[in-house]
Number of protein chains: 2
Amino acid sequence: MERFEGADRRPLPEPTVARLPLYLRVALESVRLGHPTISSEVLARLAGVNAAKVRKDLSLLGSLGTRGTGYDAAQLARALDELLGAGHDWPVVLVGVGRLGRALINAQGFLTGGYRLVGLVDADPTVLGELIDGHRIMRFDELALELEIAPAIGVITTPAMAAQRAAEDLVALGARSILNFAPTVLEVPADVRVRYVDLSIELQILSYHAARSHDADDASPYSTVGIEPAGAQPAAWLDRAP
Amino acid sequence: MERFEGADRRPLPEPTVARLPLYLRVALESVRLGHPTISSEVLARLAGVNAAKVRKDLSLLGSLGTRGTGYDAAQLARALDELLGAGHDWPVVLVGVGRLGRALINAQGFLTGGYRLVGLVDADPTVLGELIDGHRIMRFDELALELEIAPAIGVITTPAMAAQRAAEDLVALGARSILNFAPTVLEVPADVRVRYVDLSIELQILSYHAARSHDADDASPYSTVGIEPAGAQPAAWLDRAP
DNA sequence: CCGTGTGAAATCCTTCACAGCA
DNA sequence: TGCTGTGAAGGATTTCACACGG
């Protein structure tokens, strides 16, 4: 196996890291549709960014492209896959098996790939013992006894009130990464990484802009994609590409 | 009513906008716990950012603080609330009433506040007609006839395959903001704002970092909060504050 | 004296533009 | 010729540090 760690030892900019999964998705789609190579321009369109950014991002991983041709989709996908931690089969523990938690467990595409659910935790006595997707819902202390290895990632889908406690329990279990769906800022040790998925915040950001979108507002680039005036599906774009 | 639009006409930086809902949440909590004022430092801790950023952000909205004292929590909350579109009661249409969609509809904190569900759309004939939260699931064309006003925000919780079509239908209904949970980049007109909540991408970002967290890594500030080595709940922090 | 508000500096990210290679 | 890889320029955001007002 090759090394795809960019030429230098410098860590990738975080915005770049956040775009790599998009590039991976597009590269896989390109392969699936039988397009062996893909240019930065097409890749950019399908990922909702611009071509310069794609080239800069990918150049940070090394020289993955071929001048005059583009990127080999399969090779690019392999490189991104490895970089993003494929082959590790990350153990995931989910805390808070309410509606949202159950939706995530069953959502295809969420825990697929290199992630494996290894534990379900809830404090509610009425759901304890329930079997979901082959996993029994238990209390934290029970899971701690049963688990052989530390979970790499903890997912918190509890109410806000319970989230901080859940985070501390997850950290105690050895989790170094947390994906938090509860509307609270977590206080964790500095070596624990937290990402927030805060639905009410997303709505508030949208309504902030909606409240001041006097006609042709300047569409800022953040999380906004103003590609083509609707119409073609991404797949169509790929097929139109040479 | 007062105007809280910063002194100038310059739009707020997007990262600032994304933090305002956090400040609002903290300000409300401060009021709830009986702390009439809050300093940028405490606010920063509870929002998981640093104090300089808080002051810079809030100064962009005008002079909301009092030197030597801090910010009046209630007044700050009102200012942020108004800025973020409170009092508008934004109509929301949700497309894709599967597990995730249902979880969101029922999730407290998601559609609370100024957001009102006005329609549920799904293509699956087996769920059509079903009543959820007082709303009947229908096809897009049915909803179009029934709706008097355009939805401000569309939420997409369909499978990836159906998301682009859902976006186009939402835009046709008049939605100018879309919150997309499907793992696809949407192509929409430039004046439509899209925010992406992509769960598999979140996991991949976390595992990217997990794969290279050789012991004491440098914790980057992005979406990461390295406040206190666990322990106190935010509420405790507020109570400890003078 | 304390904590906000804010220019200025520093840092980070994006975009440009083109040299260079297939 | 076509498209990548990349230094350099340009913008945007964060951080600093301190003057100012309560």
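Protein chains get the first letters and strands the later ones, always in sequence-line order, with residue 1 at the start of each. Please read all numbers here as calculations on a predicted model, not as lab measurements.
With rounding to whole Å, Leu12(B) atom CG is found 14 Å from dA12(D) atom C1'. In this structure, CD of Glu14(B) is placed 17 Å from C1' of dC12(C), rounded to the nearest angstrom. Glu41(A) places its CD atom 9 Å from the P atom of dT4(D), with the value rounded to the nearest Å. Residue Asp57(B) contributes atom CG, which lies 13 Å from atom C1' of dA12(D) at whole-angstrom precision. What separates CZ of Arg10(B) from P of dG7(C) is a distance of 12 Å, to the nearest Å. Atom pair Leu64(A):CG and dC3(D):P shows a separation of 18 Å (rounding to whole Å applied). Regarding Leu60(A), its CG atom lies at a distance of 15 Å from the P atom of dT4(D), rounded to whole Å.
The pair Asp198(B)-Arg25(A) meets the salt-bridge criterion, since a charged nitrogen lies less than 4.0 angstrom from a carboxylate oxygen.
Rounded to 10 degrees, the angle separating the terminal helix axes of the helix from dC1(C)-dG22(D) to dA22(C)-dT1(D), each built from five base pairs, is 10°.
Along DNA chain C, the nucleotide nearest Arg19(A) and the nucleotide nearest Gly70(B) are compared for position; the residue whose nucleotide lies closer to the 5' end is Gly70(B). Where Pro13(A) and Tyr71(B) each meet DNA chain C at their nearest nucleotide, the meeting point lying more 5' is that of Tyr71(B).
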Atom pairs, N/O to N/O, protein against nucleotides 19-22 of chain C, distance under 3.5 Å?
from	atom 1	to	atom 2	distance (Å)
dG20(C)	N3	Arg67(A)	NH1	3.3

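When each of dT6(C), dT15(C), dT15(D) is scored by its nearest atom to the side-chain atoms of Lys53(B), the top-ranked nucleotide is dT15(D). Distance from the side chain of Asn50(A) is smallest to dT15(C) among dT15(C), dT14(D), dT4(D). Minimum atom distance to the side chain of Lys56(A) is reached by dT15(C), of the listed dT15(C), dT6(C), dG5(D). Among the nucleotides dG5(D), dT13(D), dG5(C), the one closest to any side-chain atom of Arg55(B) is dG5(C). Of the listed nucleotides (dT4(C), dC13(C), dG5(D)), dG5(D) has the atom at the smallest distance from the side chain of Ser63(A).
At distances below 3.5 Å, not a single donor-acceptor pair connects side-chain atoms of Trp90(B) with backbone N or O atoms of Pro151(B).
Within the 4.5 Å cutoff, side-chain heavy atoms of Leu64(B) are placed close to those of Leu61(B). Residues Ile156(A) and Arg165(A) fail the side-chain proximity criterion, which asks for heavy atoms closer than 4.5 Å. Under the 4.5 Å side-chain criterion, counting only non-hydrogen atoms from C-beta, Pro13(B) is in contact with Leu60(B). Contact annotation: the side chain of Leu80(B) approaches that of Leu76(B) to within less than 4.5 Å [non-hydrogen atoms, C-beta and beyond]. Counting only heavy atoms from C-beta outward, the side chains of Val155(B) and Ile178(B) never approach each other to under 4.5 Å. Residues Val197(B) and Leu179(B) form a side-chain contact, since some pair of their non-hydrogen atoms from C-beta on lies under 4.5 Å apart.
With 3.5 Å as the limit, one finds no donor-acceptor pair spanning the side chains of Glu82(B) and His88(B).
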